[in-house]
Amino acid sequence: MQIKIDSLSKVYPNGKKALDNVSLEIGNGMFGLLGPNGAGKSSLMRILVTLMEPSQGNVKFDSFDLKTDRKEIRNILGYLPQDFRFFTKLKTWEFLDYAASLAGIRSKKIRHKKVDEWLEKVGLFDVRERDANKLSGGMKRRLGIAQTLIGDPKVIIVDEPTTGLDPEERIRFRNILSEISQQEVTIILSTHIVGDISSVCNSLALLNTGQLAFSGSPQELIEQARGHVWQVNTSGYEYDLIKEQHAVVSTIPTKDGWEVQLIGDGSKFQNAIELEPNLEHAYVYFMEKSTSLI
Ligand SMILES: Nc1ncnc2c1ncn2[C@@H]1O[C@H](COP(=O)(O)OP(=O)(O)OP(=O)(O)O)[C@@H](O)[C@H]1O
């Protein structure tokens, strides 16, 4: 599936411009949409899943047009929103069974088989009789992904999937998505956590204040930060100066001061070492560049 987002803008009734002329192409596999809170990610997701109309621009899902083929687009979509909620008083398996019937699986036998398969896949088979609203946060999130996927959608849109999850659940969730992305599907993963996408997405876009700051592969993003990531050993006095003029990524106390990793021009400091950039460095670099600290 090829998703073509063309010159998309969204202005809310209060005048807030959440998306500003965003154009983007998304193909099969896992796509990361990265940006700080308020960047416009949820607005873009809501438009893609037909919950909200854009103020300008259009989107195509292969030959389906967002303006005219909303029903067809809904049929190929699976959406896991940020604030995914449960109906009360349904057991975990019943909840999935209900999701499967909403997805159009009529045969009870096929539905039950699918429910069991998905309970196994997301590691909830042992708690299938437990009330869905009594599951832990991580389990609820996994049940969320199972209900999103049980109807075999071609496009899967997941908004801030790991918010509030502990590191173990975060990795588990990432692995489930990564496994699914091996099939012929498009997964769009929106997040402000770089670690959510660094190991799993083959392409990504960076949104900041409604504008597209970057789109390409993680490696291309990383390359752009080359020459801008430095490690400096510094005393207390100099440290304050560094913080004022640079984006500081990490600070480790040493015998006589601090070892600081910064984004910007570190070459002017004594004993500065240029570092190999990683995705997190590159993300900070782009964010700082667009707020023009660099
Ligand atoms: N219904 C609305 N009316 C007015 N402004 C809105 C509305 N929804 C979102 N906004 C504003 O639009 C901007 C983009 O919000 P959006 O929720 O799309 O960003 P986000 O990147 O998903 O951030 P978050 O992760 O915090 O949800 C923000 O400034 C937000 O306050």
Side-chain angles (χ1 to χ4, degrees), residues 3-26 30-59 61 66-67 70 73-74 77-85 137-138 140-141 144-145 148 155-167 169-170 173-174 177 186-198 200-201 203-216 218 221 247 279-280 282-293:
I3 304 172
K4 200 159 179 259
I5 299 170
D6 186 17
S7 316
L8 211 61
S9 293
K10 177 70 194 178
V11 183
Y12 285 106
N14 67 356
K16 174 78 200 172
K17 196 167 205 176
L19 290 173
D20 187 1
N21 204 25
V22 172
S23 294
L24 198 55
E25 288 200 28
I26 302 172
M30 192 109 123
F31 184 89
L33 184 65
L34 197 59
N37 288 335
K41 304 181 299 295
S42 296
S43 301
L44 178 57
M45 303 288 99
R46 287 200 295 269
I47 291 172
L48 291 181
V49 300
T50 74
L51 285 177
M52 187 167 83
E53 300 212 7
S55 310
Q56 256 174 30
N58 198 15
V59 183
F61 292 73
L66 189 75
K67 282 198 177 115
R70 296 174 87 77
I73 290 173
R74 278 186 195 144
L77 273 181
Y79 175 45
L80 181 59
Q82 212 168 337
D83 57 349
F84 172 64
R85 303 266 162 80
K140 279 184 185 158
R141 220 56 202 153
I145 198 75
T148 306
V155 180
I156 298 151
I157 295 183
V158 190
D159 201 357
E160 299 279 357
T162 64
T163 307
L165 295 188
D166 61 36
E169 278 288 0
R170 196 169 276 180
F173 193 88
R174 219 179 286 158
L177 285 185
T186 301
I187 304 181
I188 304 177
L189 183 71
S190 150
T191 182
H192 66 277
I193 301 165
V194 178
D196 276 351
I197 63 169
S198 53
V200 288
C201 293
S203 44
L204 62 89
L206 229 152
L207 267 189
N208 198 17
T209 55
Q211 293 182 338
L212 191 71
F214 172 87
S215 109
L221 182 69
L279 196 61
E280 190 154 10
Y283 177 60
V284 175
Y285 170 67
F286 262 86
M287 288 302 129
E288 295 299 326
K289 203 165 75 159
S290 47
T291 49
S292 71
L293 194 69

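Just so you know, ligand 1 is whichever comes first in the structure, and atom 1 is the first atom listed for that ligand. Note: hydrogens, waters and symmetry copies are ignored here, and every other heavy atom, side chains too, is used. The chain is numbered in sequence order, starting from 1.
- Applying the side chain to side chain contact (heavy atoms under 4.5 Å, CB included) test between Val158 and each of Asp196, Leu33, Ile145 identifies Ile145 as the sole match.
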Legend entry - Step-by-step side chain to side chain contact (heavy atoms under 4.5 Å, CB included) determination, Phe214 to Leu204: CA-CA 8 Å; Phe214 172 87; Leu204 62 89; 4.0 Å; yes
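- The residue from Val155, Asp159, Leu77 that alone fulfils the side chain to side chain contact (heavy atoms under 4.5 Å, CB included) condition with Val49 is Leu77.
- Residues Ile47 and Ile5 form no side-chain contact, since every pair of their non-hydrogen atoms from C-beta on lies 4.5 Å or further apart.
- By the side-chain hydrogen bond (donor to acceptor under 3.5 Å, both in side chains) test, Ser9 is found to be paired with no residue, residues two or more places apart in sequence or in another chain being considered.
- Protein residues having at least one heavy atom under 4.0 Å from any atom of ligand 1 are Tyr12, Asn14, Lys16, Ala18, Pro36, Asn37, Gly38, Ala39, Gly40, Lys41, Ser42, Ser43, Arg46, Gln82, Glu160, listed by chain and number.
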Inset, instruction - Decide yes or no on side chain to side chain contact (heavy atoms under 4.5 Å, CB included) for Arg70 and Glu53, but give the supporting numbers first. - result: CA-CA 11 Å; Arg70 296 174 87 77; Glu53 300 212 7; 3.9 Å; yes
